[in-house]
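Below is one structure, written out as C-alpha cells; comments come after it.
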Amino acid sequence: MNKEEEEEEEVMETGKIVIEKVRGKSTVTKSFSKYPLKFIIPRKGDAISCKLEIGDGCTAVLTTQSSTKLRVLQVYKSLGSKCSEQYLEAEIGSDSMLVLIPDPVTCFSTARYFQKQVFRVRSDSNLVLVDWITSGRHESGEKWDFTLYKSTNNIFLEGEQPLFLDTVLLEQGSIVPLAERMQDYQVIAMVVLLGPMLRHIQGQVQEDVKRMMAEQLQGSPVRWDCQITSNTRDFAKKPSLIASCSAFGHKGGGIIVRIASLTTESVYQFLKHQLAGLEALLGVLPYS
C-alpha cells in the first residue's frame with residue numbers, strides 16, 4: 001500500500017455516514033466517527049441523563065460547544081406527544097465549585113422539551129448555574145412556537161434538605177398564545193450564585209441589578225446591547241433587558257437573578273459583565 005492509499009484509508013476511518021430509504025423516508029442507517037470528528041444525528045424524543053461528582057476542593061466548569069454564529073442548543077420538532085428530555089444530577093463536595101454555563105436552549109416549532117437538574121451541596125459548596133431559553137428560530141419566522149418547555153432546578157443541602165426548588169413552565173395555551181403572553185420579549189434566563197467563594201460576585205450583581213432597574217424607572221434605562229435599533233414605538237418603550245435579584249438560603253448564602261430580554265445578545269453581554277469576577281477563579285472569562 002503506497003502513502004496515498006494509506007492517507008485515504010486513514011481519512012475513511014475517521015467517519016462514515018450511510019443514508020438509505022427506509023419506509024419511504026431518507027434514514028441514517030449507519031453512523032461512525034472518532035475524535036476529532038463527531039456526527040450528531042438528531043432524533044425526536046431523545047433523552048439523556050448525566051451524573052457529576054465534584055470531589056472536595058475541586059472546580060469543574062460545564063459548558064456547551066457552539067459556533068460564534070449560532071450559539072444555541074437546538075431542540076427539534078416533536079412527533080405527537082414525544083418529548084426531548086435531559087436529566088442532570090450533580091454532587092458538589094466540600095470547598096468545591098461547579099460552574100454550569102451553557103448556551104441558551106432554542107426550541108423548533110412544535111418541539112416539546114423537559115429538563116431536570118438536581119444539585120446536592122454542602123454548606124461550603126459553590127455553584128454557578130445559568131439556565132435560559134430563546135423564543136425560537138427567528139430566521140424561520142418562529143417565535144415562541146414550540147409546544148412545551150419545562151425546566152426544573154432543585155438544590156438540596158447536606159442530603160435531602162431543600163434549599164432551592166424552581167420550575168419554569170412555558171406551554172401553548174388554548175386561549176392566549178405563548179407569544180402574546182411573552183410581550184415581545186425573546187429571551188428569559190435565570191442565574192443562580194451560591195456559596196462562600198462567590199460572595200463578592202453576589203454583592204456586585206445585586207448592586208448592578210438594583211442600579212439598572214432604578215435607572216430604568218427614572219427613564220434612562222441601561223443598554224446592555226448598544227446595537228439595538230427599531231422603528232416601532234412599542235419596541236422603543238420596552239427596556240432591552242429587565243432583571244430582578246433576590247437572596248435565598250441560610251443567611252442569604254445564595255442569590256437568584258431572573259432576566260427577560262428583547263435579544264439574545266443582550267443577555268450574553270449581561271452574563272459576561274456580571275460573571276466577569278469568575279475569571280480570577282477559573283482562569284477564563286465566561287461567555288468570552
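A quick note: this is a predicted structure, and the numbers were derived from the prediction, not measured.
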| task | Validate the cation-pi geometry between R137 and F108: distance from NZ or CZ to the six-membered ring centre under 6.0 Å, angle to the ring axis within 45°. | result |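 Geometry flag: set, cation within 6.0 Å and 45°.
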
Gap between atom [atom2] of [Y] and atom [atom1] of [X] - 0.5 Å precision:
| X | Y | atom1 | atom2 | answer |
| --- | --- | --- | --- | --- |
| L262 | L241 | CG | CG | 8.5 Å |
| K25 | I19 | NZ | CD1 | 15.0 Å |
| S26 | E20 | OG | CD | 10.5 Å |
| C58 | M97 | SG | CE | 12.0 Å |
| K21 | T29 | NZ | OG1 | 13.0 Å |
| Y149 | R112 | OH | CZ | 15.0 Å |

Under 3.5 Å, side chain of [X] to main-chain N/O of [Y], donor-acceptor pair present?
| X | Y | answer |
| --- | --- | --- |
| S31 | I17 | no |
| S125 | I92 | yes |
| T263 | S266 | yes |
| E142 | S109 | yes |
| Q186 | D184 | yes |

Checking [Y] against [X]: is there a side-chain donor and acceptor pair closer than 3.5 Å?
| X | Y | answer |
| --- | --- | --- |
| Q202 | Q206 | no |
| T110 | T147 | no |
| Y268 | D103 | yes |
| Q172 | D145 | no |
| T134 | T106 | yes |
| S151 | Q115 | yes |
| Y87 | E89 | no |

Cluster check [X], [Y]: I/L/V/M/F/W/Y, side chain < 4.5 angstrom:
| X | Y | answer |
| --- | --- | --- |
| V130 | I256 | no |
| L198 | Y287 | yes |
| V118 | Y113 | no |
| W132 | L148 | no |
| L52 | L157 | yes |

Next item on the list: State, yes or no, whether a side-chain contact exists between V192 and F164 at a heavy-atom distance under 4.5 Å.
Entry: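 Answer yes - side chains close enough.
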
Do [Y] and [X] meet the salt-bridge criterion of a basic N to acidic O distance under 4.0 Å?
| X | Y | answer |
| --- | --- | --- |
| R211 | E215 | yes |
| D131 | R258 | no |
| E160 | R120 | yes |
| R122 | D56 | yes |

#### Entry: Over all atoms of both residues, closest heavy-atom pair of M197 and L281
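That closest heavy-atom pairing would be O-CD1, 4.1 Å.
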
Mind listing the closest non-hydrogen atom pair of A90 and L98 along with its distance?
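For A90 versus L98, the nearest heavy atoms are CB-CD2, 3.8 Å.
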
Please enumerate all residues that pass side chain to side chain donor-acceptor pair (under 3.5 Å) together with S94, with sequence neighbours excluded.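 Applying side chain to side chain donor-acceptor pair (under 3.5 Å) to S94 gives D124.
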
Using a cut-off of 6.0 Å, state whether more than 12 heavy atoms not belonging to H250 lie near its atom NE2.
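It does not: H250 NE2 has 12 such atoms or fewer within range.
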
Practice prompt. For a side chain to side chain contact (heavy atoms under 4.5 Å, CB included) with I201, tell me which candidate from L193, I255, V128 qualifies.
Written response: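 Passing option: L193.
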
